[in-house]
Amino acid sequence: MAPLLLLKQGVRIFIFLRNHLPPHIHVQYADDEAIVSIRTGEIIKGYLPSRKLLVVQTWLNEGDVKWRVEEIFFELNPHLKLGK
């Protein structure tokens with residue numbers, strides 16, 4: 001089960017186990033899904049409406065959220081830590 005990191009304005013953000021680099025989050029909104037880079041906030045794969053992507057990017061840029069989310073990514077995927 002992937003931990004839910006955020007539920008805001010219908011946007012759900014998860015990190016999955018047994019994942020791959022680069023560090024990223026999985027974002028779902030209605031029928032749309034995207035993989036978003038933790039470090040840049042850009043969509044790596046998939047689609048999100050621009051207003052919902054802005055919700056994700058704003059959240060990632062709050063305080064130390066990027067750092068904390070990346071730490072969670074590597075805690076859930078320790079086999080990737082060397083590639084950090």
Short side-chain to backbone donor-acceptor contact, Asp32 and Tyr47, under 3.5 Å: no
Side-chain heavy atoms of Leu53 within contact of Tyr29, under 4.5 Å: no
Step-by-step side-chain contact (heavy atoms from CB on, under 4.5 Å) determination, Ile72 to Trp67: CA-CA 9 Å; Ile72 293 168; Trp67 177 83; over 6 Å; no
Interatomic distance, Ile15 atom CD1 to Glu71 atom CD [nearest 0.5 angstrom]: 10.5 Å
Path from Leu17 to Ile35 over hydrophobic side-chain contacts below 4.5 Å: no
Joint cluster assignment, Phe14 & Leu7, ILVMFWY side-chain distance < 4.5 Å: yes
Hydrophobic cluster membership, Phe16 vs Leu4, 4.5 Å side-chain cutoff: yes
Separation between CD of Glu62 and CZ of Arg68, rounded to the nearest 0.5 Å: 9.0 Å
Least distance between heavy atoms, His79 atom then Arg18 atom: CE1-CA, 4.1 Å
Under 3.5 Å donor-acceptor, Lys66 side chain and Leu60 backbone: no
For Phe73, all residues meeting ring-ring contact (aromatic ring centres under 6.0 Å, His included), sequence neighbours excluded: His24
Validation row: Lys52, Val56 side chains within 4.5 angstrom (heavy atoms): no
Residue list, salt bridge (Lys or Arg N to Asp or Glu O under 4.0 Å) with Arg12, at least two apart or on another chain: none
Least distance between heavy atoms, Pro23 atom then Arg39 atom: CG-NH2, 3.8 Å
Shortest non-hydrogen contact between Pro3 and Leu76, atoms and distance: CG-CD1, 3.6 Å
ILVMFWY cluster, Leu21 and Val36 together (side-chain gap under 4.5 Å): yes
From CA spacing to verdict: side-chain contact (heavy atoms from CB on, under 4.5 Å), His26, Asn19: CA-CA 11 Å; His26 293 258; Asn19 230 314; 3.4 Å; yes
Side chain proximity check, Ile13 to Val69, heavy atoms < 4.5 angstrom: no
Partner of Leu48 under side-chain contact (heavy atoms from CB on, under 4.5 Å), chosen from Val27, Val11, Leu54, Val55: Val27
Salt bridge (Lys or Arg N to Asp or Glu O under 4.0 Å) against Asp31, all qualifying residues, sequence neighbours excluded: none
Spatial distance of atom CD (Gln9) from atom CG (Leu6) [nearest 0.5 Å]: 9.5 Å
